[in-house]
Amino acid sequence: MERLPHFMKHYMTEADLMTLLKSRGLVISDEGKAVRYLESIGYYRLSVYMYPFLKVPKETLL
């Protein structure tokens, strides 16, 4: 039987994701609306569209 792969990324709540985005410089004017988008669409589907709005590029934060 094959072993399942070990995933490096851990689950983050919408509040955790909001904190992450803010730490990367994204300005969020309506947090409630942003949380609803994260819940319904998902962080990874939305993240591609957020790159132009980040003050600090994601690559420099690693």
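The distance from the CG atom of Leu38 to the OG atom of Ser47 is 10.0 Å, given to the nearest 0.5 Å. Taking CD1 from Ile41 and CG from Leu46, the interatomic distance works out to 4.5 Å, rounded to the nearest 0.5 Å. Rounding to the nearest 0.5 angstrom, the gap separating the CG atom in Leu17 from the CE atom in Met12 is 5.0 Å.
Contacts of Thr13 classified as side chain to side chain donor-acceptor pair (under 3.5 Å), with partners at least two apart in sequence or in another chain: Asp16.
The minimum heavy-atom distance between Tyr43 and Leu21, with the atom names listed, is CE1-CD2, 3.8 Å.
The salt bridge (charged side-chain N to carboxylate O under 4.0 Å, His left out) analysis of residues 28-41, with sequence neighbours excluded, yields the pairs Lys22-Glu31.
Linking Ile, Leu, Val, Met, Phe, Trp and Tyr whenever their side-chain heavy atoms come within less than 4.5 Å puts Met18 and Tyr44 in one cluster.
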